[in-house]
Number of protein chains: 2
Amino acid sequence: MAGCQRRNTRQRQVVLEQLRACYCHPTAGELYQRVREYLPRISLGTVYRNLDILQENGQAIRLAGVMGSEARFDGRCEPHLHFQCGQCGQILDLQTEYPALDELVGTTVEGHTVTSYQVLLHGDCRTCALSGRE
Amino acid sequence: MAGCQRRNTRQRQVVLEQLRACYCHPTAGELYQRVREYLPRISLGTVYRNLDILQENGQAIRLAGVMGSEARFDGRCEPHLHFQCGQCGQILDLQTEYPALDELVGTTVEGHTVTSYQVLLHGDCRTCALSGRE
DNA sequence: ATCGTTGCAAAATATTTGCAGTTGA
DNA sequence: TCAACTGCAAATATTTTGCAACGAT
């Protein structure tokens, strides 16, 4: 179903809307809970299917492999840095820019054409650092 | 079991050995298959448990942001770029270096202390591009 | 001897899918 | 129309865990 004529369903709209409204890089399950406030009868399968389609459209990004075994999603698609705290697990968008990486997009690196990138910084977030947890 | 005295078991040795011997950034299941050639009675649970411990030890990395729903692992821990092909899904290590990011390690970005990072480039690999697939 | 580790099997999680009915273009 | 989409429920896939036996130190 990749090259077909997509329809603009209410479910797809609300999934995208709530993904964008939410700064927490939600898992599919978390997003499902939020979307259910607007579409109580939506199913988790539909959320997964729409997340796949939104990725194809370039309207969502999947962050797999971040701590924990659930994939997380981001509705902000301009390349930007992510930071994940090793203590609280929270994922944050950073404003800091890396022109060196932006310049790779559209070029070829070691023979491979680059169309986008993801950066994940690991460490201890300000809140955890201040609270002195170790 | 995080702060305990680790033992150097044969299972842990072989898991690390095969992770390093393998340039394909294997999933836990793929690694399990390889390790079984040497330790036929090892269980998948043990592979998962050892991958967790190796990550704690800084001897393995769980790749962030990769396509697909299984986690993938890398036994090469010096920071380096990864590239994943959107067509064949293959993940490659790149040699290209990005000092700008190395410099972030040990510093604070927007208040958050950075201890490590991962970069994943997306695009079309040379092989897929040459084979003209779209 | 101690206690971290293992294999096994079951449980818990997470994701995908078949299908019949619904709906957007 | 009619093919894309949905809800539901079942199927799969992935990861984690309890437990008794084992083995490194």
Side-chain angles (χ1 to χ4, degrees), chain A residues 1-19 24-57 59-73 89 91, chain B residues 1-19 24-57 59-73 89 91:
Chain A
M1 320 292 143
C4 62
Q5 181 51 51
R6 296 294 182 201
R7 289 177 186 167
N8 188 22
T9 64
R10 179 102 182 95
Q11 285 86 342
R12 187 123 76 233
Q13 285 165 23
V14 178
V15 167
L16 181 55
E17 226 166 78
Q18 290 306 305
L19 178 59
C24 65
H25 304 81
T27 63
E30 287 164 356
L31 191 53
Y32 169 60
Q33 294 304 336
R34 291 187 64 123
V35 169
R36 280 225 287 184
E37 294 173 22
Y38 302 86
L39 300 173
R41 306 192 61 73
I42 198 173
S43 71
L44 181 55
T46 294
V47 172
Y48 272 107
R49 283 186 281 222
N50 277 308
L51 283 169
D52 280 349
I53 292 170
L54 292 172
Q55 284 175 85
E56 274 180 21
N57 294 354
Q59 298 171 290
I61 288 174
R62 173 190 202 123
L63 306 172
V66 283
M67 289 165 104
S69 46
E70 275 179 278
R72 293 187 166 272
F73 298 86
I91 299 173
Chain B
M1 319 287 140
C4 62
Q5 181 52 52
R6 295 294 182 198
R7 287 174 188 171
N8 189 22
T9 64
R10 180 100 182 95
Q11 285 86 341
R12 186 123 75 231
Q13 285 164 26
V14 178
V15 167
L16 181 55
E17 225 165 80
Q18 291 305 306
L19 179 60
C24 66
H25 306 80
T27 63
E30 287 164 356
L31 191 54
Y32 170 60
Q33 294 303 335
R34 292 188 66 122
V35 169
R36 280 223 286 184
E37 294 172 22
Y38 302 87
L39 301 172
R41 306 192 61 73
I42 198 174
S43 70
L44 181 55
T46 295
V47 171
Y48 272 106
R49 283 186 281 222
N50 277 309
L51 281 169
D52 281 348
I53 291 168
L54 291 171
Q55 285 176 82
E56 274 179 22
N57 293 353
Q59 298 171 289
I61 288 174
R62 178 191 292 248
L63 299 187
V66 295
M67 305 184 333
S69 48
E70 276 179 278
R72 293 188 164 272
F73 299 86
I91 300 172

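Small disclaimer: the values here were computed from a predicted structure and weren't measured. Each chain gets a letter, A, B and so on, in the order the sequences are listed, and its residues count up from 1.
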Worked check of side-chain contact (heavy atoms from CB on, under 4.5 Å) between B/Leu19 and B/Phe73: CA-CA 8 Å; B/Leu19 179 60; B/Phe73 299 86; 4.0 Å; yes
Provide the closest heavy-atom pair for A/Ala28 versus A/Leu44 in the form atom of the first, atom of the second, distance. O-CD1, 4.0 Å
For a quick test of reading the model, state the closest non-hydrogen atom pair linking A/Gly29 to A/Glu70 and the distance between them. N-OE2, 4.4 Å
Among residues at least two apart in sequence or on other chains, which ones pass side-chain contact (heavy atoms from CB on, under 4.5 Å) with B/Arg12? B/Arg6, B/Thr9, B/Asn50, B/Ile53, B/Leu54
Taking side chain as C-beta onward, heavy atoms only, is B/Ile42 less than 4.5 Å from B/Val14? no
Distance col, row B/Ile61:CD1 vs B/Leu51:CG, nearest 0.5 angstrom, shows 12.5 Å
Set of residues satisfying side-chain hydrogen bond (donor to acceptor under 3.5 Å, both in side chains) with respect to B/Asn57, sequence neighbours excluded: B/Gln59
Could you tell me whether the phosphate oxygens of D/dA3, OP1 or OP2, come under 4.0 Å of any side-chain nitrogen or oxygen in A/Arg6? no
Residues from residues 7-14 of chain A lying under 4.0 Å of DNA chain C - heavy atoms: A/Arg7, A/Asn8
Just compare D/dA4, C/dA14, C/dT15 and give me whichever is closest to any side-chain atom of A/Cys4. D/dA4
Those residues of residues 27-38 of chain B lying under 4.0 Å from DNA chain D by at least one heavy atom: none
Taking the side chain as everything from C-beta on, heavy atoms only, tell me whether A/Leu39 gets closer than 4.5 Å to A/Gln11. yes
Rounded to whole angstroms, how far apart are CD on A/Glu70 and P on C/dA14? 4 Å
What is the minimum heavy-atom distance between A/Arg62 and A/Ala71, and which atoms define it? NE-CB, 3.7 Å
Nucleotide of D/dT15, D/dA4, C/dT16 approaching B/Leu44 most closely (side-chain heavy atoms): D/dT15
Separation of atom CD1 in A/Ile42 from atom P in D/dC5, rounded to whole Å: 13 Å
Looking at D/dG7, I'd like to know if its phosphate oxygens (OP1 or OP2) sit under 4.0 Å from a side-chain N or O belonging to A/Ser43. yes
Let me test you: for the helix from C/dA1-D/dT25 to C/dA25-D/dT1, what is the angle between the axes at its two ends (five pairs each), rounded to 10 degrees? 50°
Which of these, A/Arg49, A/Glu56, A/Gln55, sits in a side chain to side chain contact (heavy atoms under 4.5 Å, CB included) with A/Asp52? A/Gln55
Under 4.0 Å, heavy atom to any atom of DNA chain D: which of residues 46-53 of chain A qualify? A/Thr46, A/Arg49, A/Asn50
Output every pair passing salt bridge (charged side-chain N to carboxylate O under 4.0 Å, His left out) with a member in residues 33-43 of chain B, not counting sequence neighbours, ordered by first then second residue. none
To the nearest 0.5 Å, what is the distance between CG on B/Leu63 and OG1 on B/Thr27? 11.5 Å
Under the rule for side-chain hydrogen bond (donor to acceptor under 3.5 Å, both in side chains), what residues qualify as partners of B/Glu30, not counting sequence neighbours? B/Arg72
Euclidean distance, atom CE of residue B/Met67 to atom C1' of C/dT16 [Å, nearest integer]: 16 Å
